[in-house]
Amino acid sequence: MKNLEIARVFMEIADLLEIKGENPFRIRAYRRAAQNLEGLTRDIAEEAGKGTLEGIPGIGKDLAKKIDEYLKSGVVEFYERLKEEIPEGLLDLLAVPGVGPRTAKLLYERLNIQGLDELEKMAREHKLKDLPGLKEKTEENILRGIQLIKSGRERMHLGLAYSLADEIISTLKSLPEVKQISPAGSLRRMKETVKDIDILIVSSRPAEVMEVFVNLPLAGEILARGETKSSIRTREGTQVDLRVVEPECFGAALAYFTGSKAHNIRLREMARKKGLKVNEYGIFKEKSGQKIAGKEEADIYQTLNLPFIPPELREDLGEIEAARKGNLPSLVSPKQIRGDLHVHSKWSDGAHSIEELARAARKIGYEYVAVTDHSQSLGIAGGLKEKDLLKQIDEIGTINRKLKGFRLLTGTEVDIRGDGSLDIADELLARLDVVVAAIHSGFKQGKEKLTKRMVRAIKNRYVNIIAHPSGRLLGEREAYELDWEEVMREARKNRTALEINAYPQRLDLNDIRCRQAKELGLSLAISTDSHTINQFGTMNLGVATARRGWLEKKDIINTLPLPQLIKKVSKPV
DNA sequence: GCCGTTTTCGGCCCGACTGTTTTCAGTCG
């Protein structure tokens, strides 16, 4: 799918136009279009074929033409011309904290700086401080910013961000001045990766809270320090923003800082049309300035005649329209999960015995867990030979007889070989409760071959679930190429579920694919792929991904009680 | 450049903080 490629072109056009100093609304139009393309579950080429591009939010006549042009020729002439006008290297400058379009333009026009290396050189030679509006301080900030970029700090994955946020929140929570505290920003929206951590606090003594915050042991440097807002960078390089507000503003501030930006803009536009104004302090009548809400987050939505929109949906990808029509999904929640269908034991590369897994799972309230150790092809992960799998089936039977109110399911994570066949015989698969199949090698076969390979596995009548279907590892490995429409159509037809793997680096399927799967009527399983007992806790990340994909309880097979689950996964013979 | 229960033209979200200024532009979220 070319969706992301075109989104990137539009994003870069927006940046280039910004450096040129173009009309900000035109720039916003490009950004908005790009974001909507990123969130689009359908293939842009198909939309173009049907002539329905202009039905996509943010795409009008002009951008539809540019999309068509890209699909046909592989380039957008307008973009190419812009790049001739403005060196592409300038876009890299925008990544430096504190350097925006105006500064980038200034640096280019006055010093002919066209990239990061030149910027660094000029800053070191103190050539920047003579430019209008720049002095030593800016020079220092730019050099620090370049260091930061060079150290290669990218977005963190959600799991990491959450544990860092937990640490900070639990420290601040213990202060007597802190009345309420909540994560905000992309962290609260549970985006798969997070750039910085936003925290909101209610306190009538903001100065004291700020003092503690900027002096936290993990704080490396203070980026900003104001009366109500401060930012630090941790020693590890993560930016943490703290905002302190009065109790009457908490709801409004929470909505404001949770975002996303695009979602907030939509809310404020709606407010304006009603003669209201929304900011982080509340919702006000525009004329009189009278405050009408702000304490509770839900009040903000209610004032705009909307139901509460869960943070995970706030991306301006249709949630506001759905809310207006009363069509918001009733999102799946962690406590609806009744068991885990992808777990490893000591028998392959897991850390615990099967009985330990069972007891831990029962303790967190699960009704069942499927033991899905690797199969023989995965020698490196201690994959089980068929005769060992037979032994394991026996052992699970023995343990099940001991356990009350809990059921271990026999299973495997069977390897999908290069040709789409499985490395365990059908006769043996037939004896298992749950068969999870996955690709672990040959990621570069190409789209057509990989799709065929995947579909062949999906069609196997003993395969219940395809694990980590895209194969991506956040920050490490791109997803392999698949014809998703084809894969999902076959999955539906053959009653094979796709997995949402909750492992923090995977989150695979991702949010967009989850949403696509729902649109195509698939069943999904949320599984942790745990190799140790404490990884059971990552289930909430999987559920969050499902929620971001608009999924409901009925879409998720492991929300079912055991008998219904068994019925659901068994295919007609 | 998009968009329309005020508009096919004229709108298009809002405020904090920094650094450089002397009232504010630029950046950020």
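From a predicted model like this one, the values you see are computed outputs, not experimental measurements. When reading the values below, keep in mind they use all heavy atoms of this one structure, side chains included, and skip hydrogens, waters and symmetry mates. In what follows, every chain begins at residue 1, and chains take the letters A, B, ... in the order their sequences are listed.
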K.L.:
Using the C1' atom as the reference point in each nucleotide, state the distance between B/dC12 and B/dC17 in Å, no decimals.
P.N.:
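Result for the C1' pair: 25 Å, nearest Å.
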K.L.:
Is it possible for you to check whether A/Arg472 lies under 6.0 Å from the centre of the six-membered ring of A/Tyr503, through NZ or CZ, and within 45° of that ring's axis?
P.N.:
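Output no; distance or angle outside limits.
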K.L.:
Just by modelled atom types, is the A/Lys285 backbone N or O under 3.5 Å from a matching donor or acceptor in the A/Gln290 side chain?
P.N.:
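Absent.
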K.L.:
Of all residues at least two apart in sequence or in a different chain, which pass the side chain to side chain contact (heavy atoms under 4.5 Å, CB included) check with A/Tyr30?
P.N.:
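Partners of A/Tyr30 under the side chain to side chain contact (heavy atoms under 4.5 Å, CB included) test: A/Phe10, A/Ile13, A/Ala14, A/Leu17, A/Arg26, A/Asp62, A/Leu63, A/Lys66, A/Phe78.
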K.L.:
Tell me what A/Val96 touches on the nucleic acid: a base, only sugar-phosphate, or nothing, going by heavy atoms under 4.0 Å.
P.N.:
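Touches sugar-phosphate only.
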K.L.:
Across the strands shown, which category fits A/Thr228 at heavy-atom distances under 4.0 angstrom: base, sugar-phosphate, nothing?
P.N.:
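Sugar-phosphate contact only - A/Thr228 comes under 4.0 Å of backbone atoms but never of a base.
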K.L.:
Do the side-chain N and O atoms of A/Arg513 and A/Asn510 include a donor-acceptor pair separated by under 3.5 angstrom?
P.N.:
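There is no such pair between these side chains.
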K.L.:
In whole Å, measure the gap between the C1' atoms of B/dC9 and B/dC14 for me.
P.N.:
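Looking at atom C1' only, B/dC9 and B/dC14 are 25 Å apart.
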K.L.:
Can you tell me how far C1' of B/dC2 sits from CG of A/Leu53, to the nearest Å?
P.N.:
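Interatomic distance, CG of A/Leu53 to C1' of B/dC2: 15 Å.
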K.L.:
Considering only atom P, compute the distance from B/dT20 to B/dG15 and round it to an integer number of Å.
P.N.:
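Per the computed distance, 26 Å lies between those P atoms.
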K.L.:
When you measure from the side chain of A/Glu319 to the backbone N and O of A/Asp316, does any donor-acceptor pair fall under 3.5 Å?
P.N.:
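Yes: the side chain of A/Glu319 pairs with the backbone of A/Asp316.
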K.L.:
Quick one: closest heavy-atom pair of A/Leu254 and A/Ser182, and the distance?
P.N.:
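Nearest heavy atoms, A/Leu254 then A/Ser182: CD1-OG, 3.6 Å.
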K.L.:
Nearest-nucleotide wise, let me know which of A/Lys261 and A/Gly226 is further upstream toward the 5' end of DNA chain B.
P.N.:
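In this pair, the answer is A/Gly226.
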K.L.:
What's the closest nucleotide to the side chain of A/Asp198 if the choices are B/dC14, B/dA16, B/dG29?
P.N.:
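Taking heavy atoms from C-beta onward, the closest nucleotide is B/dG29.
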K.L.:
Tell me, which pairs form a side-chain hydrogen bond (donor to acceptor under 3.5 Å, both in side chains) where one or both residues lie in residues 51-61 of chain A, sequence neighbours left out?
P.N.:
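Output for this query lists A/Glu47-A/Thr52.
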K.L.:
Going from CD1 on A/Ile113 to OG1 on A/Thr103, what distance comes out if it is rounded to the nearest 0.5 angstrom?
P.N.:
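Answer for the CD1-OG1 pair, A/Ile113 versus A/Thr103, is 11.0 Å.
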K.L.:
Looking at residues at least two apart in the chain, or sitting in another chain, which of them share a salt bridge (Lys or Arg N to Asp or Glu O under 4.0 Å) with A/Arg477?
P.N.:
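Applying salt bridge (Lys or Arg N to Asp or Glu O under 4.0 Å) to A/Arg477 gives none.
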K.L.:
Does A/Arg205 have any salt bridge (Lys or Arg N to Asp or Glu O under 4.0 Å) partners at least two apart in sequence or in another chain, and if so, which?
P.N.:
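Salt bridge (Lys or Arg N to Asp or Glu O under 4.0 Å) list for A/Arg205, sorted by chain: A/Glu208.
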K.L.:
Is it the case that the side chains of A/Arg188 and A/Thr258 hold a donor-acceptor pair, with the cut-off being a distance below 3.5 Å and no angle test?
P.N.:
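A donor-acceptor contact under 3.5 Å links the two side chains.
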K.L.:
Step by step, work out the salt bridge (Lys or Arg N to Asp or Glu O under 4.0 Å) result for A/Glu269 and A/Arg28.
P.N.:
CA-CA 14 Å; A/Glu269 280 170 358; A/Arg28 199 169 96 190; 3.1 Å; yes
K.L.:
Any base atoms under 4.0 Å from A/Pro97, or only sugar-phosphate, or nothing? Heavy atoms, all strands.
P.N.:
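Sugar-phosphate, no base atom in range.
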K.L.:
Can you tell me how far P in B/dT6 sits from the matching atom in B/dG11, rounded to whole Å?
P.N.:
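About 16 Å, rounded to a whole number of Å.
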K.L.:
Check nucleotides 20-23 of chain B for protein N or O atoms closer than 3.5 Å to its own N or O atoms and list the pairs.
P.N.:
residue : atom : partner  : partner atom : Å
B/dT20  : OP1  : A/Lys135 : N            : 2.6
B/dT20  : OP1  : A/Lys135 : O            : 3.4
B/dT20  : OP1  : A/Thr138 : OG1          : 2.8
B/dT21  : OP1  : A/Lys135 : NZ           : 3.3
B/dT21  : OP2  : A/Lys135 : NZ           : 3.2

K.L.:
Map A/Leu276 and A/Leu223 onto DNA chain B by nearest heavy atom, then report which one ends up closer to the 5' terminus.
P.N.:
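The answer here is A/Leu276.
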K.L.:
May I ask you to verify whether the side chain of A/Tyr256 and the base of B/dG29 hold a donor-acceptor pair under 3.5 Å?
P.N.:
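When only heavy-atom distances are counted, A/Tyr256 does reach the base of B/dG29 through a donor-acceptor pair under 3.5 Å.
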K.L.:
What integer number of Å spans the C1' atoms of B/dC3 and B/dT8?
P.N.:
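That atom pair is separated by 9 Å.
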K.L.:
Both distances below 3.5 Å, Watson-Crick or wobble geometry, any strand: find the nucleotide opposite B/dT8.
P.N.:
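WC or wobble partner does not exist here.
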K.L.:
With the threshold set at under 4.0 Å for non-hydrogen atoms, list the residues of residues 62-94 of chain A touching DNA chain B in residue-number order.
P.N.:
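Under 4.0 Å from DNA chain B: A/Asp62, A/Leu63, A/Lys66.
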K.L.:
Among pairs that include at least one residue of residues 87-111 of chain A, which meet salt bridge (charged side-chain N to carboxylate O under 4.0 Å, His left out), considering only residues two or more places apart or in two chains?
P.N.:
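Sorted result for residues 87-111 of chain A: empty, none.
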K.L.:
Can you list everything that forms a salt bridge (Lys or Arg N to Asp or Glu O under 4.0 Å) with A/Arg31? Sequence neighbours excluded, please.
P.N.:
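If we apply the salt bridge (Lys or Arg N to Asp or Glu O under 4.0 Å) test to A/Arg31, skipping adjacent residues, the hits are A/Asp15, A/Glu18.
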K.L.:
Among residues 102-128 of chain A, which residues get a heavy atom nearer than 4.0 Å to DNA chain B?
P.N.:
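Going residue by residue through residues 102-128 of chain A, the ones with a heavy atom under 4.0 Å of DNA chain B turn out to be A/Arg102, A/Thr103.
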K.L.:
Set out, line by line, the N/O atom pairs under 3.5 Å between protein and nucleotides 6-12 of chain B.
P.N.:
residue : atom : partner  : partner atom : Å
B/dC12  : OP1  : A/Arg272 : NH2          : 2.9

K.L.:
According to side chain to side chain contact (heavy atoms under 4.5 Å, CB included), who are the partners of A/Leu520, at least two apart in sequence or on a separate chain?
P.N.:
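Partners of A/Leu520 by the side chain to side chain contact (heavy atoms under 4.5 Å, CB included) criterion, ordered by chain and then number, come out as A/Met488, A/Gln516, A/Leu522.
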K.L.:
Between the main-chain N or O of A/Ala33 and the side-chain N or O of A/Asn36, is there a donor-acceptor pair closer than 3.5 Å?
P.N.:
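Looks like no, no N/O pair under 3.5 Å.
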K.L.:
What residues from residues 283-308 of chain A pass a heavy-atom cutoff of under 4.0 Å to DNA chain B?
P.N.:
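Of all residues in residues 283-308 of chain A, none places a heavy atom under 4.0 Å from DNA chain B.
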K.L.:
What distance, rounded to whole Å, do you find between the two C1' atoms, one in B/dT22 and one in B/dT18?
P.N.:
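Nearest-Å result for B/dT22 against B/dT18 at atom C1': 16 Å.
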K.L.:
Taking the C1' atom of each, how far is B/dT21 from B/dA25, in whole Å?
P.N.:
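Nearest-Å result for B/dT21 against B/dA25 at atom C1': 10 Å.
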K.L.:
Tell me if a side-chain donor or acceptor on A/Glu139 pairs with a main-chain N or O of A/Lys129 at a distance below 3.5 Å.
P.N.:
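Answer holds: yes.
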